[in-house]
Trainee: 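The following block contains the structure, expressed as structure tokens.
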Amino acid sequence: MSDTNLISRPGLIDPVPVPREVTPREDGRIDLIGLSRKRIGELFETAGLDPKAAKLRSRQVFHWLYHRGVTEFEAMTDIAKTMRPWLTERFVIGRPQIVEAQHSEDGTRKWLLRTDDGQDYEMVFIPDEARGTLCVSSQVGCTLNCRFCHTGTMRLVRNLTPGEIVGQVMLARDALGEWPKGSMAGLDDGADDDEDGGGYSPDGRLLTNIVMMGMGEPLYNFDNVRDALKLVMDGDGLALSKRRITLSTSGVVPMMARAGEEIGVNLAVSLHAVSKEVRDEIVPINRKYGLEELLAACAAYPGASNARRITFEYVMLKDKNDSDDDARELVRLLKQYKLPAKVNLIPFNPWPGAPYECSTPERVRRFSEIVFDGGISAPVRTPRGRDIDAACGQLKTSSQKLSRAELDRLAEEKQAALG
Ligand code: SAH
Ligand code: SF4
């Protein structure tokens with residue numbers, strides 16, 4: 001694929017992803033999804049509208065796109081009938097293409113999606129009693145090679161664009177039938193539908209939360225993730241509160257402060273180990289940004305407080321990171337850095353050829369107790385959607401070839417077996 005040639009192949013831990021604003025379409029029209037109000041206005045002006053008209057139209061179109069979720073210009077009832085074909089000739093309202101939709105016995109849903117240039121990626125919806133969480137991807141593949149993660153065995157194919165990222169949330173709203181249906185009354189004063197008599201109550205929504213925990217490392221695609229989440233948080237856009245959005249990073253320390261300042265969502269950190277030796281092995285970015293640096297960046301994360309704790313994710317790997325001492329060291333570290341923290345214990349989800357096993361349930365329980373006794377909440381996350389390979393770390397599109405790292409690993413294992 002010619003696109004991949006543009007990407008400098010990363011070494012083990014030093015990726016240089018290539019930014020891209022919009023994926024070009026064969027028909028030459030421009031997909032508006034993923035673009036800001038301002039950018040849409042600029043495009044309207046370039047296409048021939050005078051500045052005042054461009055500004056007004058961009059506000060109207062923005063509302064229809066992101067707040068109402070319409071997929072045709074014809075549905076934009078406050079835009080003159082003659083103007084709608086003008087829009088249709090030049091622009092499209094895109095959605096990621098759905099290649100496959102799967103439904104787990106436990107209600108979890110997984111979609112395999114395809115970009116306009118034929119790249120596959122995945123998103124997962126996880127409903128439970130209290131909320132419905134959409135797990136959103138930020139990249140096709142991942143440059144990092146965390147050893148327990150299936151996505152990490154893929155090459156990075158490319159970053160997703162803002163449109164492909166926000167498009168996942170929009171597609172989920174399409175699939176769940178959750179776009180507000182009210183009138184346009186709220187547009188002028190910026191009020192949303194909850195007040196305009198649209199009969200839409202946010203409490204009844206299935207999709208309530210978003211986690212950037214799908215494929216990829218969101219902080220290696222910072223600009224696109226930020227721009228997409230801005231649309232999700234915009235009161236006249238998808239209007240989801242930043243308190244309901246969580247960004248998970250494996251520890252891209254230099255980008256963490258900016259994430260707090262420019263995005264401001266909840267932070268989750270994939271910690272997974274408490275010593276340099278083990279973290280170097282299982283989360284190789286640790287060789288670049290070590291534990292101390294990472295925890296210091298967490299302590300400085302803007303907006304973290306006891307009311308808004310940082311989540312530390314910890315995947316339970318048998319005989320690797322799951323001892324009593326590990327649990328005690330985890331508590332000590334979190335206290336040393338005075339972190340408003342909660343710990344999420346994730347039972348390891350196996351995949352074919354994975355080099356680890358999950359800790360026993362007794363071990364996970366004991367680990368959780370020790371952390372809890374240290375004064376830090378440490379619930380065990382129930383694996384969801386295992387029957388459709390939708391659980392944490394299982395996302396990998398089957399069309400992908402093995403990465404160089406995985407080939408090296410397999411070669412090593414073969415050697416060891418032979419020797
Ligand atoms: N790249 C980001 C976000 C995506 S991964 C990050 O690493 O934080 C989302 C979470 O799933 C991370 O905590 C990751 O470590 C965890 N995970 C990956 N593979 C897993 C597996 N096989 N079993 C359980 N959790 C896994
Ligand atoms: Fe990438 Fe996150 Fe998987 Fe690590 S755990 S390989 S950072 S997706």
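The chain is numbered in sequence order, starting from 1. Numbering of ligands and ligand atoms starts at 1, following listing order.
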Trainee: Relative to ligand 1, is E313 under 4.0 angstrom through side chain, backbone, both or neither, heavy atoms considered?
Mentor: side chain

Trainee: Between F148 and ligand 1, is there a nitrogen or oxygen pair with a distance under 3.5 Å?
Mentor: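 Among all N and O atoms of F148, at least one is under 3.5 Å from an N or O of ligand 1.
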
Trainee: Which option, M316, M215, H272, owns the non-hydrogen atom nearest atom 15 (O) of ligand 1?
Mentor: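 Looking at heavy atoms only, the winner is H272.
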
Trainee: Check this for me, if you would: do R59 and D236 make a salt bridge, where the nitrogen-to-carboxylate-oxygen distance has to be below 4.0 angstrom?
Mentor: no

Trainee: Below a 4.0 angstrom heavy-atom separation, can you tell me which part of V315, side chain or backbone, both or neither, approaches ligand 1?
Mentor: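 The answer is the side chain of V315.
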
Trainee: Does W179 have R68 sitting over its ring (NZ/CZ under 6.0 Å from centre, angle to axis within 45°)?
Mentor: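 Negative - R68 is either too far from the ring of W179 or too far off its axis.
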
Trainee: Minimum distance, heavy atoms only, to atom 13 (O) of ligand 1: which one of P347, A354, A268, S270 is it?
Mentor: S270

Trainee: Please list, in number order, the atoms of ligand 1 under 4.0 Å from a heavy atom of G214.
Mentor: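 Close to G214: 4 (C).
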
Trainee: In terms of atom number and element, which parts of ligand 1 are under 4.0 angstrom from non-hydrogen atoms of I346?
Mentor: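 In order of number, 24 (C), 25 (N).
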
Trainee: Looking at N349, which atoms of ligand 1 are within less than 4.0 Å of one of its heavy atoms?
Mentor: 21 (C), 22 (N), 23 (N), 24 (C)

Trainee: Between R29 and F91, is NZ or CZ placed under 6.0 angstrom from the six-membered ring centre and within 45° of the ring axis?
Mentor: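 Pair R29/F91 does not count as cation-pi.
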
Trainee: Where's the contact between H150 and ligand 1, heavy-atom distance under 4.0 Å: side chain, backbone, both or neither?
Mentor: neither

Trainee: Which atoms of ligand 1 are found less than 4.0 Å from any heavy atom of C149?
Mentor: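 Matching atoms, with element in brackets: 18 (C), 19 (N).
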
Trainee: In terms of side-chain geometry, is the basic nitrogen of K38 or E42 positioned less than 4.0 Å from the acidic oxygen of its partner?
Mentor: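 Yes, charged N to carboxylate O under 4.0 Å.
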
Trainee: Between D322 and R363, does at least one N-O distance fall below 4.0 Å, as a salt bridge requires?
Mentor: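 No, no charged N to carboxylate O under 4.0 Å.
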
Trainee: Mind running side chain to side chain contact (heavy atoms under 4.5 Å, CB included) on R309 and L339 for me, showing each step along the way?
Mentor: CA-CA 8 Å; R309 289 167 196 275; L339 289 163; over 6 Å; no

Trainee: With a cutoff of 4.0 Å, is C358 in contact with ligand 1, counting heavy atoms of the residue only?
Mentor: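 No heavy atom of C358 comes that close to ligand 1.
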
Trainee: Pick from L112, V136, L113: which one makes a side-chain contact (heavy atoms from CB on, under 4.5 Å) with M123?
Mentor: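 It is L113, the one option of L112, V136, L113 that forms the side-chain contact (heavy atoms from CB on, under 4.5 Å) with M123.
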
Trainee: Enumerate the atoms of ligand 1 whose separation from the nearest heavy atom of W351 is less than 4.0 angstrom.
Mentor: 22 (N)

Trainee: So R226 and E262, salt bridge (charged side-chain N to carboxylate O under 4.0 Å, His left out) or not? Walk me through it.
Mentor: CA-CA 7 Å; R226 176 200 53 208; E262 297 178 34; 2.7 Å; yes

Trainee: Does N286 form a side chain to side chain contact (heavy atoms under 4.5 Å, CB included) with E281? I'd like the steps, not just the answer.
Mentor: CA-CA 8 Å; N286 195 66; E281 175 190 325; over 6 Å; no

Trainee: Could you go step by step and tell me if K320 and D326 meet the salt bridge (charged side-chain N to carboxylate O under 4.0 Å, His left out) rule?
Mentor: CA-CA 9 Å; K320 182 49 75 181; D326 289 324; over 6 Å; no

Trainee: Have a look at ligand 1 and work out which part of T249, if any, has a heavy atom under 4.0 Å from it: side chain, backbone, both or neither.
Mentor: backbone

Trainee: Is atom 4 (Fe) of ligand 2 under 2.8 Å from any N, O or S atom of C149?
Mentor: no

Trainee: Using the side-chain hydrogen bond (donor to acceptor under 3.5 Å, both in side chains) rule, take N344 and E313 through it: C-alpha gap first, then chi angles, then the decisive distance, then the call.
Mentor: CA-CA 5 Å; N344 227 331; E313 294 160 280; 5.9 Å; no

Trainee: For ligand 2, which atoms sit closer than 4.0 Å to a heavy atom of L144?
Mentor: 6 (S), 7 (S)

Trainee: Can you list the atoms of ligand 2 that are under 4.0 Å from a heavy atom of S250?
Mentor: 7 (S)

Trainee: Is the closest heavy-atom distance from P383 to ligand 1 below 4.0 Å?
Mentor: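 Contact absent.
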
Trainee: Identify whether the distance between the nearest side-chain nitrogen and carboxylate oxygen of R328 and D325 falls below 4.0 Å.
Mentor: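 Looking at D325 together with R328, the answer is yes, because their closest N to O distance falls below 4.0 Å.
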
Trainee: Heavy atoms only: which of G216, G251, C146 is nearest to atom 8 (S) of ligand 2?
Mentor: G216

Trainee: Are any of the N or O atoms of G216 closer than 3.5 Å to those of ligand 1?
Mentor: yes

Trainee: From atom 1 (Fe) of ligand 2 out to just under 2.8 Å, does an N/O/S atom of C142 turn up?
Mentor: yes

